[in-house]
Number of protein chains: 2
Amino acid sequence: MDDQLTRDLFLGFIKIHILHHAVKEDIFGQEFQNELNRHGYNISFGTLYPIFHRMEEQGYVESYKKNVDGKVRRYYKATKQGKKVLEKAKTQAKELVEELYEE
Amino acid sequence: MDDQLTRDLFLGFIKIHILHHAVKEDIFGQEFQNELNRHGYNISFGTLYPIFHRMEEQGYVESYKKNVDGKVRRYYKATKQGKKVLEKAKTQAKELVEELYEE
DNA sequence: AAGTTAATATTGTAATACGATATTGTCAAG
DNA sequence: CTTGACAATATCGTATTACAATATTAACTT
């Protein structure tokens, strides 16, 4: 269990991960949570799904349903606007890291 | 004016900036907002001050008042716990950037 | 048609964001 | 002294977000 600030800081990282992956391939909730876990991030579905929903409402990703092995998944992929935001976030993230690591 | 997601993503970055600077030197609100502006971040005092307050409540920074040229500033500096969280955030941020930029 | 299962969706409460507004504390001028 | 001005901090009210827990969906299986 992370402390509160750590969790808070990483929420932004998680959202960037979402965009990043949703640009590269179509993603869906369950699998993506596993991906996040692999990176050491912990997030519940009560947090993750609403993030997906909002990002779709606001036009950063779009979704479609697909039946896989008799289970219905909702896949998300980044829109043009989502890609644009991701590019900006990449630049800012890189600058942040450079500043954090300059001595 | 950034769009909503961009602003949301950067809020985490801003909090990391706070810790980073509060480790290096004592910081206070007005000046720090300028520093953030220089980095292209936009944040109002109604957001910034409560962040400081919470970070203090939760033990990541501590503060003291100081009279400078007849004006009272509240300076913040990172605690041991704050430094610890920063180190973790640095690691995570670096990994994120590496992933974002690998082809 | 009843049960099983993976996946998604939602609910209720607490916490957070943020523009606008108010407060504090000190100095300088009358 | 006390009033005005100023930098800085603090808070208010509304709207949004986080999150664990719970509910729902949809297709397959027996």
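In what follows, chains are A, B, ... by sequence order, proteins preceding strands, each numbered from 1. Only this structure's heavy atoms are used, side chains among them; waters, hydrogens and symmetry mates stay out.
- The side chain of B/L11 has C/dA17 as its nearest neighbour among C/dA17, C/dT10, C/dG25.
- No contact: B/Q33 has no heavy atom under 4.0 Å from any strand.
- As a whole-Å value, the separation of B/I27 CD1 from D/dT9 P is 10 Å.
- With DNA chain D read from its 5' end, the first of the two nearest nucleotides for B/Y76 and B/D8 is the one closest to B/Y76.
- A cation-pi contact links B/K90 to A/Y101, judged by a cut-off of 6.0 Å to the six-membered ring centre and 45° from its axis.
- Between C/dT8 and A/Y49, a contact under 4.0 Å exists linking OP1 or OP2 to a side-chain N or O.
- Within 4.0 Å (heavy atoms only), B/D69 reaches no atom of the nucleic acid at all.
- Taking atom NE2 of B/H53 as the reference point, atom P of D/dT9 lies 9 Å away to the nearest angstrom.
- No option in B/F28, B/Y76, B/F32 other than B/F32 meets the ring-ring contact (aromatic ring centres under 6.0 Å, His included) test with B/H21.
- Closest contact between the side chain of B/V72 and the listed nucleotides D/dT17, C/dT26, C/dA9 involves C/dT26.
- In this structure, the side chain of B/S63 does not engage the main chain of B/R74 through any donor-acceptor pair within 3.5 Å.
- The phosphate of C/dT16 has OP1 or OP2 within less than 4.0 Å of a side-chain N or O from B/R54.
- For C/dC18, one of the phosphate oxygens OP1 or OP2 lies less than 4.0 angstrom from a side-chain nitrogen or oxygen of B/T47.
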Checking A/H17 against A/Y41 for the ring-ring contact (aromatic ring centres under 6.0 Å, His included) test, could you report, in this order, the C-alpha distance in whole Å, the side-chain angles of both residues, the deciding distance, and whether it holds? CA-CA 11 Å; A/H17 264 285; A/Y41 297 112; 5.4 Å; yes
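- Proximity note for B/K71 (side chain, C-beta onward) versus D/dT11, C/dT26, C/dT8: the nearest is C/dT26.
- What separates CD of A/E57 from C1' of C/dT10 is a distance of 14 Å, to the nearest Å.
- Both B/F28 and A/K65 lie close to DNA chain D; mapped to their nearest nucleotides by heavy-atom distance, the more 5′-ward contact belongs to B/F28.
- Nucleic acid contact class of B/K15 (heavy atoms, under 4.0 Å, all strands): sugar-phosphate only.
- Note on B/R73: every side-chain N or O is 4.0 Å or more away from OP1 and OP2 of D/dC6.
- The separation between A/R7 atom CZ and C/dA15 atom P is 13 Å, rounded to whole Å.
- Between the A/T79 side chain and the A/G59 main chain, a donor and an acceptor come within less than 3.5 Å of each other.
- Computed from coordinates, the A/I43 CD1 to C/dT8 P distance equals 14 Å when rounded to whole Å.
- Rounded to an integer number of Å, the gap from B/Q30 CD to C/dG25 P is 16 Å.
- In this entry the distance linking CD1 of A/I18 with P of D/dT17 reads 14 Å, nearest Å.
- The side chain of A/S44 approaches D/dC19 more closely than any other nucleotide in the set D/dC19, C/dT8, D/dT9.
- Nearest to the side chain of A/I51, among D/dC19, C/dG19, D/dA18, sits D/dA18.
- A/Q4 comes within 4.0 angstrom of the backbone, heavy atoms only, and of no base.
- The phosphate of C/dA9 has OP1 or OP2 within less than 4.0 Å of a side-chain N or O from A/R74.
- Comparing C/dT8, C/dC27, D/dT11 by their closest approach to the side chain of B/N67 singles out C/dC27.
- Residue-level contact check: B/F52 touches neither bases nor backbone, having no heavy atom under 4.0 Å from any strand.
- Look at A/E57 and A/R54 and you find no salt bridge, because none of the NZ, NE, NH1 or NH2 atoms lies under 4.0 Å from a carboxylate O.
- Rounding to whole angstrom units, OH of residue A/Y75 and P of D/dA26 are separated by 17 Å.
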